[in-house]
Structure formats: C-alpha cells, structure tokens
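This report concerns only the one structure given below.
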Amino acid sequence: VSDTNGDGAPGARSFHQMVYDSSRNQAYLFGGFSEIDYPEDGVPAYECGLNNVSVINNKCYYDDLWAWDNINSDWVAATIVDALGDGNPYGRKQHAMVYDADRDVVILFGGMIEVASDTTCPDGSDSYPDSHYNNCFFYDHWEWHPDTGEWEKITFAEMGTDNFPEGRAGHGMVYDSLRQKNVMYGGAFEMDSNCPKSDREHGQNRCPFAQNWDADTSNYEYADMWEYDGASWTKITPQAGEDGFPIVYTDVGIFYNTD
C-alpha cells in the first residue's frame, strides 16, 4: 500500500461496508466502528484517531468515506461536499451499501449505533430507539455521487409506513444490472420482548415483516425482500422454489449472478 497523496489510510474498524465502482475501477469504504479500550488504569489505550467520527458510549462510529485506487494501490480520502445542505450520513455499523452503475451513485440504507442509557438517537436522524438495549436503528436512505463528492439524503412519502423498509442492521443489498434495480434482504433489530405488528413508535411500524424472534439474542430477524428502482422502494413477494424460502438471516451476504 502506497500513500502518494499523503492522506493516510482508513483507521482500524469492523462492521463497515465496501462497494466496487466498475466505471472508475475503485472500491469505496464507509462507516464501521471500533471500541475505545480502557485498561485498569483508566487511560484509553486506543483513541478514535480521526476527525470523521462520533464517540458514543465509548465507541467510535466512523462517517468517513475512502476510495481504494486499484491502479496506484493507494487509499484516497474522499472529498465530501454538502452543496444541497442536507448534511451527511451519521457514522454507523452493519449498514448496507451498493453501487448503482446505471445511475452512478453509491446507495446506503440502514445500520445502527449503540448509545448510552440516557442518550436518545441523533437529532434529525431517520432512526428509532430500542430503549432496553440502547440501540438506534436507521431507516434512512442516502446516495453518494462520486463525480461531485455529494451525499444526498433521499426522502420518501412512504417512510414510517408498511410501504417502506423498516430500520435494520446486518441486512444485505445487491445491484441487479439486468433490471437496473437494487435488491435488499434480511437484517435484524433488537427488542427486549415480543413485538406485535400493531406496535408503533416514532411513527415507524417496528416489526411488520420480522418473522423470527430469537430469545437468546433478543433479535427480530427479517425475512422480507425489497427492491429500489431509483425512484421508490417496493416490497416484493418471491415465489417459493423447490426448497421453499431462505430462513431469516442477519449479517446477510448476497451477490448478483449475471448469468
């Protein structure tokens, strides 16, 4: 790894996401988190170390975006602009990203942060809290434009209804180049008890599509599937194959087979 431009490299982290931009032969990295290590003497052995980070409950949530230059084997810190005035995505973990080659945008959806017990979700964020486990689950949709460096927050009239994906973490998303649609599946959020479909909080129906309650992890795991065509999200109902449907998953990995 070289450093021809002098901007270093991404800090160590986990639960980040990367996508590949085929038109520029670059890979993009966004988000992730690391924990601040406090030994017995109370002096942190590891600090976040970057400006693009939120420190919440002794955890570092990165909102930096990096491009990996395959030609020069170099990490390049992306220049982020906010000409639209809608801000940038909050740092997070276990989100999903995909590169839409036909529209030339990187799409980000969802993810989560863990907050202190007396802290609510970030102001102005499209997220809702789990008051028992002190997590915030995002249901926001962002698109990053590589040509301008602009993060654009996309809002929808259906947000907060059954016609829009629930906030979640650990879901999978992939781009279907043949149909020019982004496909999302699975994920989870944590709750301390069973959650009826009629339970609404912060205008968001919290678990209409969750099909599995895991008492060991307190997770609701989604088995729903959604498509985004560049204008709207649509819940799809796939037909069962010979082996039925996939079981519900979190930390999903999916890919698109062009054949």
Side-chain angles (χ1 to χ4, degrees), residues 1-37 44-100 104-115 119 121-127 135-154 167 169-171 173 251:
V1 178
S2 61
D3 189 16
T4 56
N5 50 27
D7 51 2
R13 65 192 69 191
S14 60
F15 294 115
H16 49 287
Q17 284 290 312
M18 293 185 68
V19 296
Y20 178 63
D21 178 346
S22 55
S23 64
R24 297 174 179 83
N25 194 24
Q26 291 185 334
Y28 303 123
L29 178 152
F30 175 80
F33 94 119
S34 61
E35 296 195 50
I36 301 176
D37 183 17
Y46 173 76
E47 295 282 7
C48 297
L50 292 172
N51 294 327
N52 297 66
V53 65
S54 299
V55 182
I56 305 174
N57 203 23
N58 294 333
K59 294 177 175 63
C60 311
Y61 290 94
Y62 299 95
D63 63 0
D64 53 345
L65 194 150
W66 292 79
W68 171 251
D69 183 347
N70 280 319
I71 297 176
N72 298 310
S73 298
D74 192 8
W75 281 108
V76 179
T79 300
I80 305 298
V81 300
D82 189 20
L84 297 174
D86 53 1
N88 300 313
Y90 287 94
R92 65 194 65 195
K93 66 176 183 176
Q94 294 178 279
H95 44 292
M97 293 200 319
V98 69
Y99 175 66
D100 183 331
D104 190 26
V105 293
V106 174
I107 297 174
L108 179 153
F109 184 88
M112 66 172 289
I113 58 174
E114 302 172 44
V115 296
T119 305
C121 296
D123 291 340
S125 66
D126 293 320
S127 63
N135 296 321
C136 291
F137 290 88
F138 293 97
Y139 57 95
D140 53 352
H141 176 130
W142 291 83
E143 297 186 0
W144 186 66
H145 300 266
D147 57 340
T148 64
E150 176 85 35
W151 275 113
E152 181 181 5
K153 186 176 183 180
I154 311 297
H171 45 298
M173 196 158 65
D251 293 326

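Numbering of residues begins at 1 and proceeds along the displayed sequence.
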Checklist entry - Can you tell me how far CG of Asp147 sits from CZ of Arg24, rounded to the nearest 0.5 angstrom? => result 6.0 Å
Item to check | Distance, nearest 0.5 Å, that separates CG of Leu29 from CG of Leu65 | outcome: 7.5 Å
Next on the checklist: Could you report the tightest heavy-atom contact between Tyr28 and Pro146, atom names first, then the distance?
Outcome noted: OH-CB, 3.6 Å
Item to check | With Val98, the side chain to side chain contact (heavy atoms under 4.5 Å, CB included) member among Ile107, Val106, Leu108 | outcome: Ile107
Next on the checklist: For the CH2 atom of Trp142 and the OH atom of Tyr90, what is their distance to the nearest 0.5 Å?
Outcome noted: 8.5 Å
Checklist entry - What's the spacing between Glu150 CD and Ile80 CD1 if we round to 0.5 Å? => result 9.0 Å
Item to check | Contacts of type salt bridge (Lys or Arg N to Asp or Glu O under 4.0 Å), residue Asp86, not counting sequence neighbours | outcome: none
Next on the checklist: So, applying side chain to side chain contact (heavy atoms under 4.5 Å, CB included) with Val19, which one of Tyr99, Trp144, Phe30 is it?
Outcome noted: Tyr99
Checklist entry - Are Pro10 and Tyr62 close enough that some pair of their side-chain heavy atoms sits under 4.5 Å apart? => result no
Next on the checklist: Quick one, Tyr20 with Asn25, criterion side-chain contact (heavy atoms from CB on, under 4.5 Å). Give me CA distance, side-chain angles, the key distance, then yes/no.
Outcome noted: CA-CA 7 Å; Tyr20 178 63; Asn25 194 24; 2.7 Å; yes
Checklist entry - Sub-3.5 Å donor-acceptor pair from the side chain of His95 to the main-chain atoms of Phe138, do we have one? => result no
Next on the checklist: Working to the nearest 0.5 angstrom, can you tell me the gap between Gln26 CD and Trp75 CH2?
Outcome noted: 10.5 Å
Checklist outcome for this item: When every non-hydrogen atom of Ala27 is compared with those of Met18, the smallest separation belongs to CB-CE, 3.9 Å
Checklist entry - Where is the tightest heavy-atom contact between Gln17 and Met97, given as atom of each residue plus distance? => result O-CE, 3.5 Å
Checklist entry - For residues His145 and Glu143, is any side-chain donor paired with an opposing acceptor at under 3.5 Å? => result no
Checklist entry - Of Asp126, Asp63, Asp140, which is the lone residue that meets salt bridge (charged side-chain N to carboxylate O under 4.0 Å, His left out) with Arg92? => result Asp140
Item to check | Ser34 side chain reached by Tyr61 side chain, heavy atoms, under 4.5 Å | outcome: no
Checklist entry - Hey, what do you get for CD (Glu114) to NZ (Lys93), rounding to the nearest 0.5 Å? => result 3.5 Å
Item to check | Residue list, salt bridge (Lys or Arg N to Asp or Glu O under 4.0 Å) with Asp82, at least two apart or on another chain | outcome: none
